[in-house]
Amino acid sequence: MSRTAFVTGGSGFVGGRLIRRLLSDGWSVRALARSPGPATIVNELGAQPASGDLADVAAMTDAARGADVAFHAAAHLGEWGPRAEFVRGNVDGTRNALQACAAGGVRRFVHVGTEAALLAGKPLIDVDESTPLRPDSKASYPATKAMAEQAVRDASREGFETVVVRPRLVWGPGDTTIVPALTESIEKGRFAWIGGGRHLTATTHVDNAVEGLMLGAERGRAGGVYFVTDGEPVEFREFITELLATQGVDVPATNIPAPVARVVTPISEGIWRALRIKREPPITRLAYWLLAQQCTIDTTRARSELGYAPIRTIDDGMAELRALHARSR
C-alpha cells in the first residue's frame, strides 16, 4: 500500500530532492506551497501542492491529514536580518507545523536540523548529538534553529514521534544557497578566504541528506537526533574551490587574517544595527563561524541506530555537477 508524506519546504533545495526520492520510492506526497510559484515547482516535481504557509495552522492541518510521515524542511535562512523574521520562520513556523501535524493525525515528524544549532562562536570539533544546543547564540539563524529543534524534541510523545536529522553544509544539484551566494560574492569582488581556509569541514551531498531523512522516518528513535555527512572531513578551501570550479567559477586567493575578521565582525554588526542599515555588513558573525572555523562531526549514532552510510561520494557528486554544467552551456 502506498504511503503518504507531507512536506514543508518542498520547493526548496533539500525539500525538492526529498520529494523526488519519496516519489521514486512509491510514496504519495503533498507539499505545502505558500504561493503560486512554489506550487508550480512542487507540482512539476510530481507532488500535490497544498495551499498555505507556516503561519496557517488550519491549512497545514488539512494538508497533513492522512499522512504517515511529515518532513519539515522549511526554514528562514540567512546571515542577517531582523531577529523577528527568524523567530517567525524557524521557531513559530516549526511549532505551528508540529501542532498541525499532530492534529492531522501524523504519527512521525522528521525535522531537517543543522549543525548551526550548535554555533555560538567556537569551532565544532568532532561534535556529536550530545553537544548542547545554543539558543543563546548571538547570530539569529543558529539561535532560532536551536529553539526550533528543542521544540521538536519536546513534542515527541506516544502517538506522535519526532526525529531530527542534521546534515552539515548541504551541496549538490539544485543548490540555492552555497554556490549562488559565493558566486555572487566573487563577482562583486567581495570574496576572501578567512585565515586561509585550510581548516577541516564536514559536508553532506543533498542525496546523503535525503538518505538520512528517509532512514530517520523509517528507523529513527522517537525523540532521536542524528548527524549525517559525506563521511571523512575535507579541507574547506579545497572543497569550495572544487565545488565552484564545477560551475566554471575561479576562486580568488584574497585572504583576510582570522584575528582581523574576528575583531571586525562584531564591530561591523554593531554599527549596522545602530544605523539600521538593511543590507548585510561586510562580514557577519555567522559568515565568520561558517567560513573560518573547523566543523567536524561524529556520525556514529546515525550509523549504528539508522544503518546510515553515504550513498554518494564527494567525487561522484562533483562529477555530476560538472556534467550538468557542461550540458547547460
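All values reported here derive from a predicted model rather than from experimental measurement.
Across all their heavy atoms, Pro281 and Ser268 have their closest contact at CB-OG, 4.0 Å. Considering all non-hydrogen atoms of both residues, Ala139 and Leu286 come closest at CB-CB, 4.3 Å. Shortest non-hydrogen contact noted between Leu306 and Gly212 is CD1-O, 4.4 Å. Minimum interatomic distance between Ile311 and Asn208 (heavy atoms only, all atoms of both residues): N-OD1, 2.7 Å. The minimum heavy-atom distance linking Ala117 with Glu149 is given by the pair CB-OE1, 4.4 Å. Closest non-hydrogen pair, Gln247 versus Leu321, comes out as NE2-O, 3.7 Å.
Note on Val69 and Leu213: same hydrophobic cluster, where clusters join Ile, Leu, Val, Met, Phe, Trp and Tyr whose side-chain heavy atoms are under 4.5 Å apart, directly or indirectly. Criterion: ILVMFWY side-chain heavy atoms under 4.5 Å apart, direct or through other members. Under it, Leu118 and Val165 are not part of a common hydrophobic cluster. A single hydrophobic cluster is seen to contain both Val234 and Val127, as judged by linkage of ILVMFWY side chains at heavy-atom distances under 4.5 Å, directly or through other members. Under a hydrophobic-cluster definition in which Ile, Leu, Val, Met, Phe, Trp and Tyr are linked whenever side-chain heavy atoms come within less than 4.5 Å, directly or via other members, Trp80 and Val264 are assigned to different clusters. The hydrophobic cluster containing Ile297 also contains Phe239, counting ILVMFWY residues as joined when their side-chain heavy atoms lie under 4.5 angstrom apart, directly or transitively.
When each of Val206, Ile240, Asp230 is tested with Trp171 by the rule side-chain contact (heavy atoms from CB on, under 4.5 Å), just one qualifies, namely Asp230.
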What verdict does the side chain to side chain contact (heavy atoms under 4.5 Å, CB included) test give for Leu169 and Thr204, after you've listed the backbone C-alpha separation in whole Å, the side-chain angles of each residue and the deciding distance to 0.1 Å? CA-CA 6 Å; Leu169 204 163; Thr204 316; 5.9 Å; no

Carefully, step by step, assess Ile194 and Trp289 under the rule side chain to side chain contact (heavy atoms under 4.5 Å, CB included). CA-CA 10 Å; Ile194 300 176; Trp289 298 343; over 6 Å; no

Step by step, would you call Gln150 with Lys145 a side chain to side chain contact (heavy atoms under 4.5 Å, CB included)? CA-CA 9 Å; Gln150 191 61 61; Lys145 285 296 286 185; over 6 Å; no

Start with the C-alpha distance between Ile186 and Val251, add both sets of side-chain angles, then the distance that settles side chain to side chain contact (heavy atoms under 4.5 Å, CB included), and finish with yes or no. CA-CA 7 Å; Ile186 290 168; Val251 185; 4.3 Å; yes

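Under 3.5 Å, the side chains of His111 and Thr162 contain no donor-acceptor pair of N or O atoms. Judged purely by distance below 3.5 Å, without hydrogens or angles, the side chains of Asp315 and Thr313 never pair a donor atom with an acceptor atom. Donor-acceptor pairing under 3.5 Å is recorded for the side chains of Glu305 and Tyr226. Between Asp126 and Thr296, the side chains place a donor N or O and an acceptor N or O closer than 3.5 Å (distance only, hydrogens not considered). No hydrogens or angles considered: nothing links the side chains of Thr40 and Asn43 as a donor-acceptor pair under 3.5 Å. No side-chain donor-acceptor contact under 3.5 Å links His325 and Thr246. No hydrogens or angles considered: a donor-acceptor pair under 3.5 Å links the side chains of Asp175 and Thr177.
Of the possible polar contacts, none joining the Thr299 side chain to the Ala302 backbone as a donor-acceptor pair under 3.5 Å is found. Between the Arg221 side chain and the Gly216 main chain, no donor and acceptor come within less than 3.5 Å of each other. A donor-acceptor pair under 3.5 Å links the side-chain atoms of Asn96 to the main chain of Leu54, judged by distance alone. Using modelled atom types, one side-chain atom of Ser304 and one backbone atom of Arg301 make a donor-acceptor pair closer than 3.5 Å. When atom types are taken as modelled, the side chain of Arg108 and the backbone of Gly220 share a donor-acceptor pair closer than 3.5 angstrom. The backbone N or O of Ala155 sits less than 3.5 Å from a side-chain atom of Arg157, completing a donor-acceptor pair. Distance alone, capped at 3.5 Å, is enough to place a donor-acceptor pair between the Trp193 side chain and the Pro252 backbone. With hydrogens and angles ignored, the 3.5 Å screen pairs no side-chain donor or acceptor of Ser137 with any backbone N or O of Arg134. The main-chain N or O of Arg279 is found under 3.5 Å from a side-chain atom of Trp272 such that the two form a donor-acceptor pair.
Using the six-membered ring where Trp is involved, Phe160 and Phe109 have ring planes that are tilted, between 30° and 60° apart.
At least one side-chain heavy atom of Val14 sits under 4.5 Å from a side-chain heavy atom of Val170. Side-chain atoms of Val112 and Phe71, non-hydrogen and from C-beta on, never get closer than 4.5 Å to each other. Considering only heavy atoms from C-beta on, His205 comes within 4.5 Å of Pro173 through its side chain.
We find that Asp207 and Arg312 are joined by a salt bridge, their nearest charged nitrogen and carboxylate oxygen being less than 4.0 Å apart. With salt bridges taken as basic N to acidic carboxylate O contacts below 4.0 Å, one links Glu115 and Arg168. In summary, Arg237 and Glu242 do not engage in a salt bridge, as defined by a charged side-chain N under 4.0 Å from a carboxylate O. Ion pairing between a basic and an acidic side chain is recognised when a charged N comes within 4.0 Å of a carboxylate O; Glu218 and Arg3 show such pairing.
Within 6.0 Å of CZ on Arg21 lie more than 12 heavy atoms contributed by other residues, nucleotides or ligands. Heavy atoms from other residues, nucleotides or ligands lying under 6.0 Å from CZ of Arg20 number 12 at most. Within 6.0 Å of CZ on Arg107 lie no more than 12 heavy atoms contributed by other residues, nucleotides or ligands.
Taking the ring axis of Tyr308 as reference, the NZ or CZ atom of Arg303 does not stay both within 45° of it and closer than 6.0 Å to the ring centre.
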